[in-house]
2 protein chains.
Amino acid sequence: MAKIKATANGSRQDVIIKKAAFLFRKKGFRAASMRELAENMGVEAPSLYNHIGSKGELLQSICFKIAALFMKQLEEVETRQVSIVEKLEQLIRFHIRLMLQLYDEVYVANHEWKYLDEISLSQFLSQRKLYEAKMIQLVKKGIRQNEIKNIHPQVAVLTILSAVKGLEILQKHKKEIGEAELENSIAEYLVKGLIK
Amino acid sequence: MAKIKATANGSRQDVIIKKAAFLFRKKGFRAASMRELAENMGVEAPSLYNHIGSKGELLQSICFKIAALFMKQLEEVETRQVSIVEKLEQLIRFHIRLMLQLYDEVYVANHEWKYLDEISLSQFLSQRKLYEAKMIQLVKKGIRQNEIKNIHPQVAVLTILSAVKGLEILQKHKKEIGEAELENSIAEYLVKGLIK
DNA sequence: GCACAAAACTAACACTTATTAGTTTTTGAT
DNA sequence: ATCAAAAACTAATAAGTGTTAGTTTTGTGC
């Protein structure tokens, strides 16, 4: 009769969500079972339901937590008194950093959101669409102000987002290369496509 | 009692694989059921087994077909008498083109390979590792020959691959922007990060 | 130590899954 | 028209799913 214990960094719910993110990332949402999640916590599956509502709610928590972090960062960067290119670079760096630091959660938000239930799904997608639109506006403004070369704003933004979204392939090189150099190399590479 | 018919572009097996790619992409491998696949073909689920071995085999066919296409292209490009940067650009363009033309299959090979059975999985991953290694070698050679700026070869290649891997987010803009412009914009953007 | 709430347990349900067995229908060549 | 092969069907199986109900154990404040 093991027990799920709350830690300094979070309630019992948070501990379950964290492990769920790990499993959803590793196995995929549909392939990750509540029984396996329970086993990982040293408990029987039904016991989880003393702490959480449903499997779907776990996915929601993960996806919306990450979406909120990105959106908050975007809004904060928008207000900063720096050039457009710097703003974009800061956003790119935030994507890289978050992927390195909250690997499981960011991966799940990037790749498993399609298993959200109908209502959450449409909410999630409109948040994402808004995020993309704001980035595209930034690039357009940069072009108007002659700061960014005359690229296709939509395509550029989606290419950048595609690049940072798939960075889980770099996760295993984190130790070997170092987080700081990873962030610098990737950011430099992606920013170079913007400037004149 | 509908029937699966072979078309000009493929045998009955190929038709099933094509539809399976569509479903695996749309729903995810685990969430896509054989019953749904059968329904899409106007047939009952067990009838599929007159033409295919198993659900897993369908995934294998898709993943290895795409992997082979990429590897063949890489080996072909390696022999061409052009600069390193041009070789890399041609590879990038091939990725974009294949994603636009074989959307479902490429998506599945990029995102659903983790559901391959153990043996296929390790084969698939070593093919991918080889592909990455060859691209990294290209970049290193380009740097040595002073053709490519002094970037981190591994990071650069994985960033490029991450970018082209996630291009499904551009699929819905294919009509609106045009395939040619999409290919040009993305390739230009990604190549700019390489050249001095 | 007692009582109450929190959190674990077991048993079970209602579904869905891929796949097999066995049978019937359809197709195509003679 | 006949006969064999191809391809469909129905029925069923065994395994796995998330989740609920009901019960027992554990932890906590008095």
Side-chain angles (χ1 to χ4, degrees), chain A residues 1-7 10-24 26-63 108 112 114-121, chain B residues 1-7 10-24 26-63 108 112 114-121:
Chain A
M1 231 179 193
K3 268 228 160 168
I4 303 170
K5 7 179 195 201
T7 68
S11 68
R12 266 176 270 253
Q13 246 209 75
D14 295 334
V15 177
I16 296 175
I17 291 173
K18 187 85 192 167
K19 189 66 97 180
F22 168 78
L23 267 182
F24 293 171
K26 189 167 151 199
K27 303 262 189 168
F29 178 74
R30 292 296 287 256
S33 75
M34 294 303 277
R35 283 173 176 79
E36 192 175 3
L37 174 57
E39 198 182 359
N40 266 263
M41 320 260 344
V43 120
E44 296 298 319
S47 304
L48 295 174
Y49 289 84
N50 285 317
H51 307 286
I52 61 152
S54 68
K55 190 187 182 188
E57 268 183 28
L58 290 174
L59 183 61
Q60 284 173 44
S61 302
I62 296 164
C63 290
V108 169
E112 304 292 315
K114 69 163 101 169
Y115 302 105
L116 288 168
D117 61 83
E118 213 175 353
I119 307 165
S120 308
L121 182 61
Chain B
M1 232 179 193
K3 270 229 159 167
I4 303 170
K5 4 179 199 205
T7 68
S11 69
R12 265 177 272 252
Q13 247 209 71
D14 295 334
V15 177
I16 296 175
I17 292 173
K18 186 86 192 166
K19 189 66 96 181
F22 168 78
L23 268 182
F24 293 172
K26 189 168 150 198
K27 304 260 188 169
F29 178 74
R30 291 297 286 257
S33 74
M34 294 302 276
R35 283 172 175 77
E36 192 174 3
L37 174 57
E39 198 182 358
N40 266 263
M41 319 260 347
V43 120
E44 296 298 320
S47 304
L48 295 173
Y49 290 83
N50 285 317
H51 308 286
I52 62 154
S54 67
K55 190 187 182 188
E57 267 184 29
L58 290 173
L59 183 61
Q60 283 174 45
S61 303
I62 297 163
C63 290
V108 169
E112 305 292 314
K114 70 162 100 169
Y115 303 104
L116 289 168
D117 61 84
E118 213 176 352
I119 308 165
S120 307
L121 183 61

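Just so we're on the same page: letters track the sequence lines, and every chain starts at 1. Since the structure is predicted, the reported quantities are computational estimates derived from the model, not experimental observations.
The distance from atom CG of A/Leu37 to atom P of D/dG18 is 9 Å, rounded to the nearest whole Å. One can place CD1 of A/Ile16 at 13 Å from P of D/dT19, the figure rounded to the nearest angstrom. Rounding to whole angstrom units, CD of residue A/Glu39 and P of C/dC9 are separated by 12 Å. In this structure, CE of B/Met34 is placed 17 Å from C1' of D/dA14, rounded to the nearest angstrom. At whole-Å resolution of the value, CZ in A/Phe29 and C1' in D/dG16 are 15 Å apart. Residue B/Tyr115 contributes atom OH, which lies 15 Å from atom P of C/dT17 at whole-angstrom precision.
Contact detail for A/Leu116 and A/Leu59: the closest heavy-atom pair is N-CD2, 3.6 Å.
Within 6.0 Å of NZ in B/Lys26 there are 12 or fewer heavy atoms belonging to other residues, nucleotides or ligands.
Checked for salt-bridge contact, A/Glu36 and A/Lys27 meet the test: a charged N lies under 4.0 Å from a carboxylate O.
Side-chain atoms of A/Ser120 and A/Asp117 form a donor-acceptor pair, as typed in the model, at a separation below 3.5 Å. Residues A/Asp14 and A/Ser11 have side chains that bring a donor and an acceptor to within less than 3.5 angstrom of each other.
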Name the pairs: protein N/O against N/O of nucleotides 10-12 of chain C, kept only if under 3.5 Å.
none

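Taken residue by residue, residues 49-60 of chain B places heavy atoms nearer than 4.0 Å to DNA chain C at B/Tyr49, B/Ser54, B/Lys55.
Closest-nucleotide positions on DNA chain C for A/Val43 and A/Arg30 were compared, and the one nearer the 5' end corresponds to A/Val43.
Contact of the B/Ile17 side chain with the B/Gln60 side chain is not registered, since no non-hydrogen atoms from C-beta on lie closer than 4.5 Å.
Between A/Phe29 and A/Tyr115, the angle of the ring planes stays under 30°, which puts this pair in the parallel group of the 30/60° scheme.
The residue A/Ala32 sits close only to the backbone: its heavy atoms come under 4.0 Å of sugar-phosphate atoms, none of a base.
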